[in-house]
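Fair warning: this is a prediction, and the values are worked out from it, not measured in the lab. Numbered from 1 within each chain, the chains take letters A, B, ... in sequence-line order.
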Amino acid sequence: MADFLTSQTEDFSKWYNEIVQKADLADYSPVRGCMVIKPYGYTLWENIRDALDRRFKATGHVNAYFPLFIPESFLQKEAEHVEGFSPELAVVTIGGGAELEERLIVRPTSETIIGHMYARWIQSYRDLPLLINQWANVVRWEMRTRLFLRTTEFLWQEGHTAHATRDEAMEETLRMLGVYTDFAMNEAAIPVIPGRKSESEKFAGAVASYTIEAMMKDGKALQSGTSHFLGQNFARAFDIKFLDENNAQQLAWTTSWGMSTRMVGAIVMTHGDDQGLVLPPRLAPIQVVIVPIWRKDEERAAVLEAAQQLHARLKDAVRVELDVREGFTAGWKFNDWEMRGVPLRIEIGPRDVANRQVMLARRDIPGREGKIAASWDGLETTVAGLLATIQQAIFQKALDFRESHTWDVRTYDEFKAAVETGFARAWWAGDAEDEARIKEETKATVRCIPTEQPGGSGVCFYTGKPATEMAIFGKAY
RNA sequence: CGGGGCGUAGCGCAGUUUGGUAGCGCGCACGGUUCGGGUCCGUGAGGUCUAGGGUUCAAAUCCCUACGCCCCGACCA
């Protein structure tokens with residue numbers, strides 16, 4: 001066990017705080033609740049961003065940028081929206097040394113200002129659908145913050161679309177939930193449960209909210225992406241109207257969806273272990289690190305030359321780094337790169353050079369079992385194959401963990417036991433008040449009503465009423 | 001905003017009870033040694049002890065005030 005890192009079982013929360021800093025993902029800022037994302041963490045975010053952006057473009061969206069400042073009056077146009085966000089707004093009252101006529105909100109999200117613009121841009125059904133995404137920072141004045149999971153300022157993307165019909169908007173809402181699901185599973189290797197939010201958990205101003213929920217290694221749930229069907233709420237508030245084919249005025253139907261730097265926290269807490277981070281190969285800033293090993297000076301030249309040649313061969317295919325740092329032992333470097341979560345390590349020493357081979361060490365399998373010898377011949381193929389294997393393996397491991405920490409429960413007692421260590425899955429027919437009571441008593445909430453339902457019907461574990469849907473409950477971040 | 005903890009070298013801490021020369025480990029610099037799982041030895045640099053006020057011959061230490069950070073709770077992607 002690593003003595004430079006608190007173990008997960010000893011104190012998961014402490015483990016998280018330590019590894020985020022020690023792996024150089026982020027640091028605390030001089031401003032309370034804010035964080036500095038360091039280059040290694042930012043590269044990870046860039047990879048997340050690129051993988052999402054590709055998917056947005058592939059589904060017909062374009063990027064744009066809307067202002068950071070929003071007139072205070074805009075927020076107030078949608079009653080539920082302003083009520084939901086007002087406690088956590090940062091407000092600018094002075095500009096250029098003078099009191100402002102109208103106070104400016106630092107955006108907590110951009111539905112209002114984008115709604116305002118959409119009203120001007122949309123006149124005809126021919127202008128629809130309007131499919132815009134923006135990459136931006138937002139500010140929410142949170143009471144309690146944690147690096148990546150909840151910070152006062154965070155980075156995200158927010159998609160905002162407008163449609164001619166209810167069905168189209170709903171289709172878009174679910175399409176983007178599907179995009180998030182695909183991203184989480186195939187890029188981040190995080191098994192997620194897509195589903196609908198309960199009334200009390202839905203976005204302020206939405207008709208319905210959808211989410212992907214992931215289970216962290218401490219059994220708690222992390223909402224990792226959301227997609228909202230806004231109905232005509234914002235269209236009504238901002239007067240987003242268009243003329244349809246029959247020359248009749250119609251209100252548009254809108255959606256919004258977002259994924260944030262919280263995803264970094266999700267990756268850390270889904271895959272990480274007592275040695276440090278375990279990054280999914282597809283998103284890892286460094287996929288492969290080559291650690292050369294030598295004993296004497298005469299060995300050094302041969303080993304280094306071979307390592308450089310392998311590095312040159314691999315670098316077009318994978319993100320590979322050659323660790324030539326002096327003054328660090330090989331063992332130290334092994335630990336260092338493991339802490340940073342690099343999926344695959346190539347060790348090459350004099351013995352390997354003599355045999356024209358390398359040792360490959362998998363980050364996801366600790367110790368000697370994760371090491372295999374591989375020939376220099378076809379190393380590109382071996383490495384690429386192994387990275388794909390690791391990607392799949394850590395997904396499977398996370399899925400197995402979630403399934404072994406999810407219980408079908410029929411009674412409240414079973415429920416209470418389940419949410420102590422993971423998720424409870426149960427027939428559910430309760431309302432917001434029932435949910436609030438459950439939360440009061442157990443700290444667990446409805447994480448989502450999964451899109452995939454078993455079908456049929458059952459008896460609600462809490463109210464005893466007949467139920468047609470199953471819900472996932474858990475304690476949430 | 002309530003409860004708790006903390007603020008001393010870049011980082012982690014001791015020293016505060018009982019006021020009297022500011023210390024340890026890691027890191028950093030240099031030299032040597034080592035290198036297949038966090039080498040070892042030596043030398044060295046580095047401090048307005050969070051800030052302000054008070055008590056005292058004398059304050060990191062006692063008193064008052066302020067600020068900041070972390071953790072736990074109520075709100076949230």
Side-chain angles (χ1 to χ4, degrees), chain A residues 1-6 11 13-14 16-18 21-22 27-35 83-89 108-109 137-158 180 197 200-204 209 211-214 221-228 256-266 275-276 291-297 299-300 303 323 325-339 345-354 357-359 361 366-368 370-371 373 436 439-440 443 445 476-477:
Chain A
M1 177 153 315
D3 57 357
F4 40 84
L5 186 64
T6 301
D11 187 340
S13 188
K14 196 170 175 194
Y16 179 83
N17 289 334
E18 283 181 11
Q21 289 179 85
K22 289 190 176 179
D27 203 351
Y28 290 104
S29 92
V31 179
R32 177 198 153 73
C34 294
M35 69 172 163
E83 194 189 330
F85 278 107
S86 55
E88 47 185 286
L89 296 178
T109 179
N137 58 338
V138 288
V139 166
R140 299 179 184 178
W141 217 263
E142 301 290 350
M143 308 233 177
R144 240 184 95 203
T145 58
R146 295 195 67 194
L147 296 175
F148 289 111
L149 302 176
R150 184 172 302 104
T151 46
T152 299
E153 178 189 11
F154 59 94
L155 306 183
W156 75 346
Q157 56 71 216
E158 46 179 327
Y180 289 149
K197 279 286 179 196
S200 47
E201 293 267 324
K202 78 168 203 229
F203 177 71
S209 286
T211 175
I212 53 172
E213 293 287 326
L222 187 71
Q223 178 174 312
S224 309
T226 49
S227 184
H228 311 293
S256 68
W257 25 275
M259 187 175 271
S260 73
T261 37
R262 172 180 269 191
M263 179 49 70
V264 174
Q275 306 305 315
V291 179
I293 300 156
W294 60 80
R295 197 184 301 267
K296 310 179 195 88
D297 271 350
E299 291 170 340
R300 180 195 150 108
V303 167
D323 186 352
R325 287 178 292 177
E326 303 278 351
F328 294 92
T329 64
W332 192 94
K333 289 180 178 179
F334 295 169
N335 284 284
D336 192 47
W337 291 112
E338 280 170 8
M339 192 169 69
R345 181 177 66 243
I346 299 180
E347 307 172 7
I348 178 163
R351 290 206 297 274
D352 301 307
V353 173
Q357 63 163 35
V358 293
M359 295 302 295
R368 206 157 277 281
K371 286 198 193 188
K439 186 177 183 184
E440 178 74 24
K443 305 217 189 304
T445 50
Y477 269 96

Task: Identified pairing partner of B:U56, criterion: Watson-Crick or G-U wobble below 3.5 Å - done: none

- [ ] Kindly assign one of parallel, tilted or perpendicular to the pair A:Trp332 and A:Phe328, based on the angle between their ring planes and the thresholds 30° and 60°.
- [x] tilted

Open item on the list: Under 3.5 Å, is there a donor on one side chain and an acceptor on the other for A:Thr152 and A:Glu142?
Closed with: no

Could you write out each protein N or O paired with an N or O of nucleotides 26-35 of chain B at a distance under 3.5 Å?
| residue | atom | partner | partner atom | Å |
| --- | --- | --- | --- | --- |
| B:C35 | OP1 | A:Arg295 | NH1 | 3.3 |
| B:C35 | O2' | A:Trp294 | O | 3.1 |

Task: Parallel, tilted or perpendicular: ring planes of A:Phe203 versus A:His228, cut at 30 and 60 degrees - done: parallel

Task: Nearest-nucleotide pick for A:Glu142, side chain only, options being B:C70, B:G37, B:C75 - done: B:C75

Open item on the list: Looking at B:U21, which nucleotide sits across from it as a Watson-Crick or G-U wobble partner, both distances under 3.5 angstrom, or is there none?
Closed with: none

- [ ] May I ask you to say whether A:Glu299 pairs ionically with A:Arg351, meaning some side-chain N is under 4.0 Å from a carboxylate O?
- [x] no

TODO: Starting from the 5' end of RNA chain B, give me the residue, A:Leu155 or A:Ser13, whose nearest nucleotide shows up first.
DONE: A:Ser13

Open item on the list: Which residues pass the salt bridge (Lys or Arg N to Asp or Glu O under 4.0 Å) test with A:Arg146, not counting sequence neighbours?
Closed with: none

Open item on the list: Please classify the nucleic acid contact of A:Asn17 as base, sugar-phosphate, or nothing, using heavy-atom distances under 4.0 Å.
Closed with: sugar-phosphate

Task: Complementary nucleotide of B:C28, counting Watson-Crick and G-U pairs under 3.5 Å - done: B:G44

Open item on the list: Using heavy-atom distances to pick each residue's nearest nucleotide on RNA chain B, tell me which of A:Met143 and A:Leu222 is more 5'.
Closed with: A:Met143

Task: Any N/O donor-acceptor pair, A:Arg345 side-chain to B:G37 base, under 3.5 Å - done: yes

- [ ] Go through B:C75, B:G36, B:C70 for me and flag the one nearest to the A:Glu347 side chain.
- [x] B:G36

Task: Residue A:Arg368 excluded, over 12 heavy atoms near CZ under 6.0 Å - done: no

Open item on the list: Side chain of A:Lys443, heavy atoms from C-beta onward: which of B:A74, B:G36, B:C70 has the nearest atom to it?
Closed with: B:A74

Task: Set of ring-ring contact (aromatic ring centres under 6.0 Å, His included) partners for A:Phe334, sequence neighbours left out - done: none

Open item on the list: Any N or O donor-acceptor pair under 3.5 Å from the base of B:G37 to the side chain of A:Lys371?
Closed with: yes

Task: Any-strand Watson-Crick or G-U partner of B:G2, both distances under 3.5 Å - done: B:C72

